[in-house]
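Heads up: the structure comes next, in C-alpha coordinates.
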Amino acid sequence: MPIESSVATTVSARQLSRHFGAHAAVRNIDLTLRRGEVLGLLGPNGAGKTTTMQMLTGTLAPSAGSICICDIDLVNHPVEAKRHIGYLPEHPPLYRELTVDEFLRLAARLHGLPRKRVTQALACAKARCGLSDTGRRLLGSLSKGYQQRVGIAQAIIHDPDVVVLDEPTVGLDPIQIRDIRALIRELRENRSVILSTHILPEVESVCDRVEILHQGRVVFSDTIGGLDRFNRGLALQAAFRNPPQVEALAALTGVMRVEALDEQQFVLHRDPQHDPTDALVTRSVQAGWGLYQLGPAHSRLEDVFVQLTHEEPAA
Amino acid sequence: MILTLAGKELRGLFSSPLAWIVAALLQLILAWVFLMRLDSFLELQPRLAQLADAPGASEIVTAPLFSAAAVILMMATPIFGMRLIAEERRNRTMPLLMSAPISMTQIVLGKFLGLCAFLMLPVGMVSAMGAALAAGGEIDLGLLAANALGLALLLATFAAVVLFASSLTSQPIIAAVLGLGILLASWLASLANPDSAGVLQLLSVTRRFERFNTGLVDSADLAWHAIAIVLFLLLTIRRLDRDRLVGHGA
(Lines give C-alpha, C1' and ligand atoms only; values in the text may rest on other atoms or scores of the structure.)
Protein backbone atom coordinates (compact mmCIF):
# COMPACT_ATOMS: atom_id res chain seq x y z
CA MET A 1 0.00 0.00 0.00
CA PRO A 2 1.30 3.45 -0.80
CA ILE A 3 2.13 5.64 2.16
CA GLU A 4 -0.32 8.30 1.03
CA SER A 5 -3.23 6.05 1.95
CA SER A 6 -2.98 7.48 5.45
CA VAL A 7 -3.99 10.95 4.22
CA ALA A 8 -7.36 11.78 5.74
CA THR A 9 -8.53 14.42 3.29
CA THR A 10 -8.59 12.84 -0.13
CA VAL A 11 -10.17 15.54 -2.24
CA SER A 12 -9.94 19.23 -1.69
CA ALA A 13 -11.15 21.64 -4.34
CA ARG A 14 -11.15 25.38 -3.83
CA GLN A 15 -13.10 28.00 -5.76
CA LEU A 16 -13.47 25.78 -8.78
CA SER A 17 -14.86 27.49 -11.86
CA ARG A 18 -15.29 26.49 -15.44
CA HIS A 19 -16.47 28.58 -18.36
CA PHE A 20 -17.39 27.38 -21.83
CA GLY A 21 -17.11 30.57 -23.78
CA ALA A 22 -19.43 33.06 -22.13
CA HIS A 23 -21.37 30.32 -20.38
CA ALA A 24 -20.29 29.57 -16.81
CA ALA A 25 -20.91 25.85 -16.27
CA VAL A 26 -19.46 25.78 -12.75
CA ARG A 27 -19.02 28.77 -10.46
CA ASN A 28 -16.80 28.87 -7.35
CA ILE A 29 -17.43 25.37 -6.04
CA ASP A 30 -15.63 24.19 -2.90
CA LEU A 31 -15.45 20.48 -2.18
CA THR A 32 -13.75 18.57 0.60
CA LEU A 33 -13.91 14.85 1.03
CA ARG A 34 -12.46 12.59 3.71
CA ARG A 35 -11.56 8.94 3.55
CA GLY A 36 -14.54 6.67 4.06
CA GLU A 37 -17.06 9.26 2.89
CA VAL A 38 -19.52 9.07 0.03
CA LEU A 39 -20.43 12.43 -1.43
CA GLY A 40 -23.45 12.79 -3.67
CA LEU A 41 -23.55 15.54 -6.26
CA LEU A 42 -27.18 16.14 -6.88
CA GLY A 43 -28.71 18.34 -9.49
CA PRO A 44 -30.85 18.53 -12.59
CA ASN A 45 -29.32 18.06 -16.02
CA GLY A 46 -27.01 20.91 -16.88
CA ALA A 47 -26.35 21.84 -13.24
CA GLY A 48 -22.60 21.30 -13.67
CA LYS A 49 -22.24 17.82 -12.12
CA THR A 50 -20.39 16.27 -15.05
CA THR A 51 -18.20 19.33 -15.55
CA THR A 52 -17.23 19.25 -11.86
CA MET A 53 -16.36 15.57 -12.07
CA GLN A 54 -14.37 16.07 -15.25
CA MET A 55 -12.32 18.71 -13.48
CA LEU A 56 -11.80 16.54 -10.41
CA THR A 57 -10.49 13.70 -12.59
CA GLY A 58 -8.20 15.88 -14.68
CA THR A 59 -9.99 15.34 -17.97
CA LEU A 60 -11.02 18.99 -18.11
CA ALA A 61 -8.87 21.88 -16.96
CA PRO A 62 -10.58 24.29 -14.55
CA SER A 63 -10.85 27.94 -15.62
CA ALA A 64 -10.00 28.95 -12.06
CA GLY A 65 -9.44 27.31 -8.71
CA SER A 66 -7.28 24.52 -7.35
CA ILE A 67 -7.75 20.80 -6.84
CA CYS A 68 -5.71 18.57 -4.54
CA ILE A 69 -6.04 14.80 -4.61
CA CYS A 70 -4.42 13.21 -1.55
CA ASP A 71 -2.49 16.45 -1.06
CA ILE A 72 -1.11 16.39 -4.60
CA ASP A 73 -1.95 19.32 -6.83
CA LEU A 74 -3.85 17.97 -9.82
CA VAL A 75 -3.04 20.88 -12.11
CA ASN A 76 0.71 20.95 -11.47
CA HIS A 77 1.34 17.23 -10.94
CA PRO A 78 -1.38 15.55 -12.97
CA VAL A 79 0.34 12.18 -13.40
CA GLU A 80 1.01 11.64 -9.68
CA ALA A 81 -2.42 12.89 -8.66
CA LYS A 82 -4.27 10.77 -11.19
CA ARG A 83 -2.78 7.59 -9.71
CA HIS A 84 -5.22 8.04 -6.83
CA ILE A 85 -8.30 8.49 -9.00
CA GLY A 86 -10.67 6.01 -10.55
CA TYR A 87 -13.25 7.55 -12.87
CA LEU A 88 -16.39 6.25 -14.46
CA PRO A 89 -17.61 8.89 -16.92
CA GLU A 90 -21.26 9.33 -17.79
CA HIS A 91 -20.72 7.08 -20.78
CA PRO A 92 -18.52 4.09 -19.81
CA PRO A 93 -15.31 4.28 -21.87
CA LEU A 94 -15.21 0.75 -23.25
CA TYR A 95 -13.32 -0.61 -26.24
CA ARG A 96 -15.99 -2.74 -27.83
CA GLU A 97 -13.54 -5.01 -29.63
CA LEU A 98 -11.84 -6.18 -26.44
CA THR A 99 -12.97 -8.89 -24.03
CA VAL A 100 -13.72 -8.03 -20.41
CA ASP A 101 -10.38 -9.49 -19.27
CA GLU A 102 -8.35 -7.78 -21.98
CA PHE A 103 -9.98 -4.44 -21.27
CA LEU A 104 -9.54 -4.62 -17.50
CA ARG A 105 -5.91 -5.67 -17.89
CA LEU A 106 -5.36 -2.68 -20.15
CA ALA A 107 -7.06 -0.38 -17.64
CA ALA A 108 -4.90 -1.78 -14.83
CA ARG A 109 -1.70 -1.24 -16.83
CA LEU A 110 -2.76 2.26 -17.88
CA HIS A 111 -3.26 3.10 -14.22
CA GLY A 112 0.30 2.09 -13.54
CA LEU A 113 -0.23 -1.28 -11.89
CA PRO A 114 2.90 -3.45 -12.21
CA ARG A 115 2.48 -6.44 -14.50
CA LYS A 116 2.75 -9.01 -11.74
CA ARG A 117 -0.07 -7.47 -9.72
CA VAL A 118 -2.48 -7.21 -12.64
CA THR A 119 -3.84 -10.75 -12.48
CA GLN A 120 -4.70 -10.47 -8.81
CA ALA A 121 -6.25 -7.03 -9.23
CA LEU A 122 -8.26 -8.31 -12.18
CA ALA A 123 -9.73 -11.20 -10.19
CA CYS A 124 -10.51 -8.89 -7.28
CA ALA A 125 -12.22 -6.21 -9.39
CA LYS A 126 -14.23 -8.80 -11.29
CA ALA A 127 -15.40 -10.49 -8.10
CA ARG A 128 -16.48 -7.15 -6.63
CA CYS A 129 -18.45 -6.12 -9.67
CA GLY A 130 -20.02 -9.54 -10.31
CA LEU A 131 -18.12 -10.13 -13.53
CA SER A 132 -16.42 -13.42 -12.66
CA ASP A 133 -18.21 -15.40 -15.38
CA THR A 134 -17.93 -12.86 -18.17
CA GLY A 135 -14.15 -12.59 -18.59
CA ARG A 136 -14.07 -13.88 -22.15
CA ARG A 137 -17.08 -11.99 -23.48
CA LEU A 138 -16.58 -9.08 -25.85
CA LEU A 139 -17.53 -5.74 -24.34
CA GLY A 140 -19.60 -4.89 -27.41
CA SER A 141 -21.85 -7.90 -26.78
CA LEU A 142 -22.57 -7.14 -23.12
CA SER A 143 -25.84 -5.70 -21.91
CA LYS A 144 -25.99 -2.13 -20.64
CA GLY A 145 -25.95 -3.29 -17.02
CA TYR A 146 -22.85 -5.40 -17.50
CA GLN A 147 -21.13 -2.64 -19.44
CA GLN A 148 -21.77 -0.34 -16.51
CA ARG A 149 -20.25 -2.93 -14.17
CA VAL A 150 -17.16 -3.19 -16.36
CA GLY A 151 -17.01 0.60 -16.25
CA ILE A 152 -16.99 0.50 -12.46
CA ALA A 153 -14.49 -2.37 -12.39
CA GLN A 154 -12.22 -0.26 -14.60
CA ALA A 155 -12.47 2.59 -12.10
CA ILE A 156 -11.53 0.51 -9.04
CA ILE A 157 -9.06 -2.04 -10.44
CA HIS A 158 -6.02 -0.05 -9.29
CA ASP A 159 -7.47 0.41 -5.81
CA PRO A 160 -7.65 4.21 -5.98
CA ASP A 161 -8.24 6.46 -2.97
CA VAL A 162 -10.90 8.45 -4.78
CA VAL A 163 -13.58 6.88 -6.95
CA VAL A 164 -15.61 9.24 -9.10
CA LEU A 165 -18.78 7.81 -10.59
CA ASP A 166 -20.85 9.91 -12.96
CA GLU A 167 -24.46 8.73 -12.84
CA PRO A 168 -23.55 5.10 -12.14
CA THR A 169 -27.11 3.76 -12.10
CA VAL A 170 -28.53 5.44 -15.18
CA GLY A 171 -30.25 3.02 -17.55
CA LEU A 172 -30.11 0.05 -15.20
CA ASP A 173 -32.97 -2.10 -14.01
CA PRO A 174 -33.99 -2.04 -10.32
CA ILE A 175 -32.02 -5.16 -9.38
CA GLN A 176 -28.86 -3.86 -11.02
CA ILE A 177 -29.37 -0.52 -9.30
CA ARG A 178 -29.59 -2.30 -5.96
CA ASP A 179 -26.39 -4.26 -6.70
CA ILE A 180 -24.48 -1.15 -7.70
CA ARG A 181 -25.62 0.76 -4.62
CA ALA A 182 -24.45 -2.16 -2.49
CA LEU A 183 -21.12 -2.05 -4.29
CA ILE A 184 -20.77 1.69 -3.65
CA ARG A 185 -21.44 1.19 0.05
CA GLU A 186 -18.73 -1.48 0.04
CA LEU A 187 -16.29 0.78 -1.81
CA ARG A 188 -16.44 3.50 0.83
CA GLU A 189 -14.28 1.36 3.15
CA ASN A 190 -10.92 3.21 3.28
CA ARG A 191 -11.81 5.22 0.16
CA SER A 192 -13.75 8.27 -0.88
CA VAL A 193 -16.51 8.03 -3.40
CA ILE A 194 -18.10 10.89 -5.33
CA LEU A 195 -21.17 10.08 -7.31
CA SER A 196 -23.54 12.23 -9.27
CA THR A 197 -27.19 11.66 -9.81
CA HIS A 198 -30.44 13.45 -10.34
CA ILE A 199 -32.38 10.94 -8.26
CA LEU A 200 -32.98 12.06 -4.68
CA PRO A 201 -33.57 8.60 -3.13
CA GLU A 202 -30.28 7.43 -4.56
CA VAL A 203 -28.40 10.02 -2.58
CA GLU A 204 -30.41 9.19 0.52
CA SER A 205 -29.61 5.50 0.23
CA VAL A 206 -25.84 5.57 -0.32
CA CYS A 207 -24.34 8.97 0.50
CA ASP A 208 -23.03 10.45 3.74
CA ARG A 209 -23.02 13.97 2.44
CA VAL A 210 -24.73 15.78 -0.35
CA GLU A 211 -24.00 18.86 -2.38
CA ILE A 212 -26.85 20.13 -4.48
CA LEU A 213 -25.82 21.98 -7.59
CA HIS A 214 -28.01 24.39 -9.44
CA GLN A 215 -26.85 26.39 -12.45
CA GLY A 216 -23.21 25.71 -11.64
CA ARG A 217 -23.37 26.69 -7.97
CA VAL A 218 -23.63 24.76 -4.74
CA VAL A 219 -27.01 25.68 -3.29
CA PHE A 220 -27.04 23.14 -0.48
CA SER A 221 -24.25 21.30 1.27
CA ASP A 222 -24.87 19.16 4.32
CA THR A 223 -24.97 15.62 5.63
CA ILE A 224 -27.77 13.29 4.63
CA GLY A 225 -29.40 13.88 8.00
CA GLY A 226 -29.37 17.59 7.26
CA LEU A 227 -30.98 17.05 3.88
CA ASP A 228 -33.61 14.91 5.51
CA ARG A 229 -34.42 17.55 8.12
CA PHE A 230 -34.46 20.23 5.48
CA ASN A 231 -36.64 18.08 3.34
CA ARG A 232 -39.14 17.09 5.99
CA GLY A 233 -39.25 20.43 7.66
CA LEU A 234 -40.23 22.39 4.61
CA ALA A 235 -43.31 20.64 3.34
CA LEU A 236 -46.33 19.08 4.98
CA GLN A 237 -48.68 16.64 3.45
CA ALA A 238 -52.27 16.87 4.62
CA ALA A 239 -55.47 15.04 3.68
CA PHE A 240 -59.02 16.25 4.36
CA ARG A 241 -62.40 14.55 4.16
CA ASN A 242 -64.10 17.85 3.32
CA PRO A 243 -61.25 19.62 1.55
CA PRO A 244 -61.32 23.42 1.70
CA GLN A 245 -60.46 25.74 -1.16
CA VAL A 246 -56.77 25.89 -1.98
CA GLU A 247 -56.93 29.63 -1.26
CA ALA A 248 -58.09 28.94 2.29
CA LEU A 249 -55.06 26.75 2.92
CA ALA A 250 -52.70 29.23 1.36
CA ALA A 251 -54.07 31.93 3.63
CA LEU A 252 -52.81 30.15 6.77
CA THR A 253 -49.87 31.80 8.48
CA GLY A 254 -46.59 30.17 7.46
CA VAL A 255 -47.88 28.49 4.27
CA MET A 256 -46.06 29.74 1.24
CA ARG A 257 -47.53 27.64 -1.49
CA VAL A 258 -50.12 24.88 -1.80
CA GLU A 259 -50.06 22.05 -4.25
CA ALA A 260 -53.08 19.78 -4.71
CA LEU A 261 -52.11 16.14 -5.18
CA ASP A 262 -55.69 15.04 -5.72
CA GLU A 263 -59.15 16.03 -4.44
CA GLN A 264 -58.31 15.35 -0.81
CA GLN A 265 -54.53 15.51 -0.52
CA PHE A 266 -52.43 18.63 -0.48
CA VAL A 267 -48.78 19.48 -0.05
CA LEU A 268 -48.18 22.67 1.92
CA HIS A 269 -44.81 24.31 1.41
CA ARG A 270 -44.02 26.17 4.58
CA ASP A 271 -42.04 29.15 5.58
CA PRO A 272 -38.95 27.96 7.52
CA GLN A 273 -39.64 30.54 10.24
CA HIS A 274 -43.31 29.80 10.88
CA ASP A 275 -44.65 26.34 11.45
CA PRO A 276 -48.24 26.29 10.15
CA THR A 277 -49.12 22.97 11.81
CA ASP A 278 -50.97 24.38 14.82
CA ALA A 279 -52.86 26.90 12.73
CA LEU A 280 -53.82 24.20 10.28
CA VAL A 281 -55.16 21.84 12.95
CA THR A 282 -57.10 24.58 14.74
CA ARG A 283 -58.59 25.89 11.51
CA SER A 284 -59.51 22.40 10.39
CA VAL A 285 -61.47 21.75 13.59
CA GLN A 286 -63.17 25.13 13.42
CA ALA A 287 -64.20 24.85 9.79
CA GLY A 288 -64.88 21.11 9.78
CA TRP A 289 -62.38 20.23 7.06
CA GLY A 290 -62.04 16.71 8.45
CA LEU A 291 -58.25 16.54 8.66
CA TYR A 292 -57.38 12.84 8.81
CA GLN A 293 -53.74 12.77 7.83
CA LEU A 294 -50.89 15.15 8.49
CA GLY A 295 -47.17 14.50 8.16
CA PRO A 296 -43.96 15.56 6.53
CA ALA A 297 -44.14 15.39 2.74
CA HIS A 298 -41.53 13.31 0.98
CA SER A 299 -40.54 15.95 -1.42
CA ARG A 300 -39.13 15.31 -4.80
CA LEU A 301 -35.91 16.80 -5.98
CA GLU A 302 -37.84 19.52 -7.79
CA ASP A 303 -39.41 20.61 -4.50
CA VAL A 304 -36.03 20.82 -2.86
CA PHE A 305 -34.87 22.96 -5.73
CA VAL A 306 -37.87 25.20 -5.56
CA GLN A 307 -37.19 25.69 -1.87
CA LEU A 308 -33.49 26.21 -2.31
CA THR A 309 -33.78 28.65 -5.15
CA HIS A 310 -36.54 30.51 -3.29
CA GLU A 311 -34.29 30.95 -0.30
CA GLU A 312 -31.29 32.03 -2.28
CA PRO A 313 -31.05 35.79 -2.17
CA ALA A 314 -30.61 37.20 -5.64
CA ALA A 315 -26.89 36.90 -6.32
CA MET B 1 3.25 2.80 -20.37
CA ILE B 2 3.86 3.95 -23.94
CA LEU B 3 4.31 0.34 -25.00
CA THR B 4 1.06 -0.68 -23.26
CA LEU B 5 -0.74 1.90 -25.36
CA ALA B 6 1.12 0.96 -28.52
CA GLY B 7 0.17 -2.68 -27.92
CA LYS B 8 -3.44 -1.67 -27.51
CA GLU B 9 -3.43 0.23 -30.82
CA LEU B 10 -1.74 -2.66 -32.59
CA ARG B 11 -4.31 -5.06 -31.24
CA GLY B 12 -7.05 -2.65 -32.29
CA LEU B 13 -5.70 -2.61 -35.85
CA PHE B 14 -5.53 -6.38 -36.00
CA SER B 15 -9.04 -6.75 -34.66
CA SER B 16 -10.50 -4.55 -37.40
CA PRO B 17 -11.51 -6.28 -40.62
CA LEU B 18 -10.81 -3.09 -42.55
CA ALA B 19 -7.10 -3.21 -41.76
CA TRP B 20 -6.91 -6.85 -42.82
CA ILE B 21 -8.71 -6.16 -46.12
CA VAL B 22 -6.52 -3.18 -46.95
CA ALA B 23 -3.37 -5.11 -45.98
CA ALA B 24 -4.41 -8.06 -48.17
CA LEU B 25 -5.14 -5.82 -51.16
CA LEU B 26 -1.84 -4.06 -50.60
CA GLN B 27 0.04 -7.31 -50.60
CA LEU B 28 -1.79 -8.46 -53.74
CA ILE B 29 -0.92 -5.29 -55.65
CA LEU B 30 2.71 -5.31 -54.52
CA ALA B 31 3.12 -8.97 -55.44
CA TRP B 32 1.68 -8.13 -58.86
CA VAL B 33 4.13 -5.22 -59.30
CA PHE B 34 6.99 -7.47 -58.15
CA LEU B 35 6.15 -10.16 -60.68
CA MET B 36 5.73 -7.62 -63.52
CA ARG B 37 9.11 -6.08 -62.81
CA LEU B 38 10.72 -9.50 -62.50
CA ASP B 39 9.19 -10.48 -65.82
CA SER B 40 10.54 -7.41 -67.58
CA PHE B 41 13.95 -7.96 -65.99
CA LEU B 42 14.08 -11.48 -67.36
CA GLU B 43 13.14 -10.15 -70.76
CA LEU B 44 15.87 -7.51 -70.63
CA GLN B 45 18.52 -9.78 -69.17
CA PRO B 46 20.15 -10.93 -72.45
CA ARG B 47 20.58 -7.33 -73.56
CA LEU B 48 21.82 -6.18 -70.17
CA ALA B 49 24.47 -8.85 -70.23
CA GLN B 50 26.14 -7.05 -73.13
CA LEU B 51 26.37 -3.74 -71.28
CA ALA B 52 29.28 -2.82 -69.12
CA ASP B 53 28.21 -1.67 -65.63
CA ALA B 54 24.62 -2.73 -66.33
CA PRO B 55 21.87 -2.19 -63.73
CA GLY B 56 21.23 -5.34 -61.71
CA ALA B 57 18.08 -7.04 -60.52
CA SER B 58 17.93 -4.83 -57.46
CA GLU B 59 17.78 -1.63 -59.49
CA ILE B 60 15.26 -2.94 -62.00
CA VAL B 61 12.97 -4.90 -59.65
CA THR B 62 13.46 -3.79 -56.06
CA ALA B 63 13.65 -0.02 -56.46
CA PRO B 64 10.44 0.31 -58.51
CA LEU B 65 8.74 -2.11 -56.12
CA PHE B 66 9.53 0.20 -53.19
CA SER B 67 8.35 3.20 -55.22
CA ALA B 68 5.05 1.49 -55.88
CA ALA B 69 4.77 0.54 -52.20
CA ALA B 70 5.38 4.16 -51.17
CA VAL B 71 2.57 5.46 -53.36
CA ILE B 72 0.08 2.75 -52.39
CA LEU B 73 0.86 3.11 -48.69
CA MET B 74 0.30 6.84 -48.97
CA MET B 75 -3.31 5.92 -49.80
CA ALA B 76 -3.51 3.13 -47.24
CA THR B 77 -1.96 4.77 -44.17
CA PRO B 78 -4.86 7.20 -43.66
CA ILE B 79 -7.21 4.20 -43.59
CA PHE B 80 -5.06 2.36 -41.04
CA GLY B 81 -4.61 5.40 -38.85
CA MET B 82 -7.92 7.24 -39.13
CA ARG B 83 -9.39 5.63 -36.01
CA LEU B 84 -6.48 6.36 -33.67
CA ILE B 85 -8.03 9.36 -31.95
CA ALA B 86 -11.19 10.09 -33.94
CA GLU B 87 -12.73 6.78 -32.90
CA GLU B 88 -11.83 7.31 -29.25
CA ARG B 89 -13.67 10.59 -29.46
CA ARG B 90 -16.65 9.08 -31.23
CA ASN B 91 -16.94 6.18 -28.76
CA ARG B 92 -16.21 8.55 -25.87
CA THR B 93 -13.36 6.38 -24.61
CA MET B 94 -10.93 9.28 -24.40
CA PRO B 95 -11.67 9.90 -20.68
CA LEU B 96 -10.12 6.51 -19.88
CA LEU B 97 -6.78 7.75 -21.21
CA MET B 98 -7.20 11.33 -19.98
CA SER B 99 -7.97 10.30 -16.40
CA ALA B 100 -5.18 7.69 -16.30
CA PRO B 101 -1.84 8.69 -14.79
CA ILE B 102 -0.18 9.20 -18.17
CA SER B 103 0.83 12.37 -19.91
CA MET B 104 -0.58 13.58 -23.20
CA THR B 105 2.86 13.03 -24.73
CA GLN B 106 2.79 9.38 -23.69
CA ILE B 107 -0.69 8.94 -25.15
CA VAL B 108 0.37 10.43 -28.49
CA LEU B 109 3.66 8.52 -28.61
CA GLY B 110 1.92 5.27 -27.74
CA LYS B 111 -0.58 5.69 -30.54
CA PHE B 112 2.13 6.75 -32.98
CA LEU B 113 4.34 3.77 -32.17
CA GLY B 114 1.39 1.38 -32.40
CA LEU B 115 0.61 2.53 -35.93
CA CYS B 116 4.32 2.51 -36.86
CA ALA B 117 4.69 -1.06 -35.63
CA PHE B 118 1.78 -2.05 -37.82
CA LEU B 119 3.26 -0.22 -40.83
CA MET B 120 6.57 -2.03 -40.41
CA LEU B 121 4.75 -5.15 -41.59
CA PRO B 122 4.44 -3.95 -45.20
CA VAL B 123 8.03 -2.68 -45.03
CA GLY B 124 9.08 -6.16 -43.97
CA MET B 125 7.00 -7.82 -46.68
CA VAL B 126 8.36 -5.61 -49.45
CA SER B 127 11.92 -6.06 -48.19
CA ALA B 128 11.36 -9.81 -48.11
CA MET B 129 10.29 -9.71 -51.76
CA GLY B 130 13.44 -7.77 -52.62
CA ALA B 131 15.58 -10.17 -50.61
CA ALA B 132 13.92 -13.15 -52.31
CA LEU B 133 15.78 -12.17 -55.47
CA ALA B 134 18.91 -13.47 -53.74
CA ALA B 135 17.62 -16.95 -54.55
CA GLY B 136 18.28 -16.33 -58.25
CA GLY B 137 21.44 -14.25 -58.19
CA GLU B 138 23.36 -11.55 -56.43
CA ILE B 139 21.48 -8.58 -55.00
CA ASP B 140 22.54 -5.12 -53.95
CA LEU B 141 22.03 -5.27 -50.17
CA GLY B 142 22.96 -1.62 -49.73
CA LEU B 143 20.24 -0.52 -52.13
CA LEU B 144 17.74 -2.79 -50.42
CA ALA B 145 18.67 -1.45 -46.98
CA ALA B 146 18.48 2.19 -48.15
CA ASN B 147 15.04 1.53 -49.64
CA ALA B 148 13.79 -0.25 -46.52
CA LEU B 149 15.04 2.61 -44.32
CA GLY B 150 13.55 5.19 -46.65
CA LEU B 151 10.18 3.45 -46.74
CA ALA B 152 10.16 3.00 -42.95
CA LEU B 153 10.87 6.71 -42.40
CA LEU B 154 8.33 7.69 -45.03
CA LEU B 155 5.65 5.57 -43.36
CA ALA B 156 6.52 6.91 -39.91
CA THR B 157 6.03 10.41 -41.31
CA PHE B 158 2.73 9.37 -42.87
CA ALA B 159 1.74 7.92 -39.50
CA ALA B 160 2.47 11.19 -37.69
CA VAL B 161 0.47 13.16 -40.27
CA VAL B 162 -2.49 10.78 -40.07
CA LEU B 163 -2.39 10.79 -36.26
CA PHE B 164 -2.64 14.57 -36.36
CA ALA B 165 -5.50 14.41 -38.85
CA SER B 166 -7.24 11.94 -36.56
CA SER B 167 -6.89 14.31 -33.62
CA LEU B 168 -8.79 17.04 -35.46
CA THR B 169 -12.16 15.33 -35.70
CA SER B 170 -14.42 12.73 -34.17
CA GLN B 171 -15.26 11.11 -37.51
CA PRO B 172 -12.69 8.53 -38.66
CA ILE B 173 -13.66 8.99 -42.33
CA ILE B 174 -13.06 12.73 -42.13
CA ALA B 175 -9.71 12.00 -40.48
CA ALA B 176 -8.79 9.68 -43.35
CA VAL B 177 -9.75 12.26 -45.98
CA LEU B 178 -7.86 15.00 -44.14
CA GLY B 179 -4.77 12.83 -43.76
CA LEU B 180 -4.86 11.81 -47.40
CA GLY B 181 -5.34 15.44 -48.35
CA ILE B 182 -2.23 16.55 -46.50
CA LEU B 183 -0.16 13.68 -47.92
CA LEU B 184 -1.39 14.24 -51.48
CA ALA B 185 -0.71 17.97 -51.22
CA SER B 186 2.82 17.21 -50.10
CA TRP B 187 3.24 14.76 -52.97
CA LEU B 188 1.88 17.21 -55.52
CA ALA B 189 4.30 19.83 -54.24
CA SER B 190 7.10 17.86 -55.85
CA LEU B 191 5.17 16.90 -58.97
CA ALA B 192 4.26 20.50 -59.71
CA ASN B 193 7.76 21.48 -60.67
CA PRO B 194 10.18 18.58 -60.39
CA ASP B 195 13.31 20.51 -61.31
CA SER B 196 13.06 23.51 -59.06
CA ALA B 197 14.66 23.46 -55.64
CA GLY B 198 12.27 25.92 -54.04
CA VAL B 199 9.96 25.81 -51.06
CA LEU B 200 7.67 23.33 -52.77
CA GLN B 201 10.47 20.80 -52.94
CA LEU B 202 11.20 21.35 -49.30
CA LEU B 203 7.61 20.46 -48.43
CA SER B 204 7.59 17.32 -50.53
CA VAL B 205 7.60 14.13 -48.53
CA THR B 206 8.17 11.91 -51.57
CA ARG B 207 11.21 13.90 -52.71
CA ARG B 208 13.15 12.45 -49.73
CA PHE B 209 12.08 8.97 -50.62
CA GLU B 210 13.21 9.31 -54.24
CA ARG B 211 16.76 9.69 -52.96
CA PHE B 212 16.57 6.72 -50.65
CA ASN B 213 15.11 4.89 -53.63
CA THR B 214 18.33 5.33 -55.59
CA GLY B 215 20.34 4.04 -52.63
CA LEU B 216 21.37 7.43 -51.30
CA VAL B 217 21.15 7.86 -47.53
CA ASP B 218 21.65 11.54 -46.78
CA SER B 219 21.68 12.84 -43.19
CA ALA B 220 19.68 15.87 -44.38
CA ASP B 221 16.88 13.56 -45.44
CA LEU B 222 17.02 11.70 -42.12
CA ALA B 223 16.77 15.02 -40.32
CA TRP B 224 13.89 16.12 -42.56
CA HIS B 225 11.88 13.07 -41.55
CA ALA B 226 12.73 13.48 -37.88
CA ILE B 227 11.61 17.11 -37.94
CA ALA B 228 8.39 16.30 -39.81
CA ILE B 229 7.52 13.51 -37.36
CA VAL B 230 8.25 15.62 -34.28
CA LEU B 231 6.31 18.55 -35.73
CA PHE B 232 3.14 16.56 -36.34
CA LEU B 233 3.38 14.76 -32.99
CA LEU B 234 3.70 18.10 -31.24
CA LEU B 235 0.71 19.45 -33.15
CA THR B 236 -1.26 16.38 -32.05
CA ILE B 237 -0.30 16.81 -28.40
CA ARG B 238 -1.27 20.46 -28.59
CA ARG B 239 -4.57 19.61 -30.14
CA LEU B 240 -5.38 17.04 -27.40
CA ASP B 241 -4.31 19.48 -24.69
CA ARG B 242 -6.73 21.93 -26.20
CA ASP B 243 -9.54 19.39 -25.68
CA ARG B 244 -8.73 19.43 -22.00
CA LEU B 245 -8.47 23.19 -21.81
CA VAL B 246 -11.38 24.19 -23.99
CA GLY B 247 -13.67 21.20 -23.46
CA HIS B 248 -14.84 18.60 -25.94
CA GLY B 249 -17.24 20.90 -27.69
CA ALA B 250 -19.51 20.31 -24.74
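Naming convention: chains lettered A, B, ... in sequence-line order (proteins, then strands); numbering from 1 in each chain. Basis for what follows: all heavy atoms, side chains included, without hydrogens, waters or symmetry-related copies.
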Open item on the list: With chain B as the partner, which of A:His19, A:Arg109, A:His111 has the greatest number of non-hydrogen pairs under 4.5 Å?
Closed with: A:His111
Open item on the list: Under 4.5 Å from any heavy atom of chain B, what part of A:Leu98 do you find: side chain, backbone, both or neither?
Closed with: side chain
- [ ] Please determine, among A:Glu97, A:His91, A:Met55, the option with the most heavy-atom pairs under 4.5 Å with chain B.
- [x] A:His91
- [ ] With a 4.5 angstrom heavy-atom cut-off, could you sort out which part of A:Pro89 is near chain B: side chain, backbone, both or neither?
- [x] side chain
Task: Residues, nucleotides or ligands: over 12 heavy atoms within 6.0 Å of B:Ile173 CD1 - done: no
- [ ] Taking atom CE of B:Met1 as the centre, report whether more than 12 heavy atoms of other residues, nucleotides or ligands fall under 6.0 Å from it.
- [x] yes
- [ ] Check each atom of B:Glu88 against the heavy atoms of chain A and say whether the ones under 4.5 Å are side chain, backbone, both or neither.
- [x] side chain
TODO: Check whether B:Ser15 gets within reach of chain A through its side chain, its backbone, both or neither, counting any heavy atom under 4.5 Å.
DONE: side chain
Open item on the list: For A:Leu110, which atoms come within 4.5 Å of any heavy atom of chain B: side chain, backbone, both, or neither?
Closed with: both
TODO: Using a strict cut-off of less than 4.0 Å between a Lys/Arg side-chain nitrogen and an Asp/Glu carboxylate oxygen, indicate whether A:Asp166 and A:Lys49 qualify as a salt bridge.
DONE: no
Task: A:Glu80 versus chain B, the contacting section by heavy-atom distance below 4.5 Å - done: neither
Task: B:Leu30 side, atom CG; B:Phe66 side, atom CZ - distance, nearest 0.5 Å - done: 10.0 Å
TODO: Mind checking the OG1-CD spacing from B:Thr4 to B:Glu9? Nearest 0.5 Å is all I need.
DONE: 12.0 Å
Open item on the list: Would you call the rings of A:Tyr95 and A:Phe103 parallel, tilted or perpendicular, taking 30° and 60° as the class edges?
Closed with: perpendicular
Open item on the list: Quick test of your reading of the model: are B:Glu210 and B:Arg207 salt-bridged, counting only N-O distances below 4.0 Å?
Closed with: yes
- [ ] Select one option (side chain, backbone, both, neither) describing which atoms of A:Glu90 are under 4.5 Å from chain B's heavy atoms.
- [x] neither
Open item on the list: Using a 4.5 angstrom heavy-atom cutoff, name the option from B:Gly12, B:Pro101, B:Ser99, B:Ala100 with the most pairs to chain A.
Closed with: B:Pro101
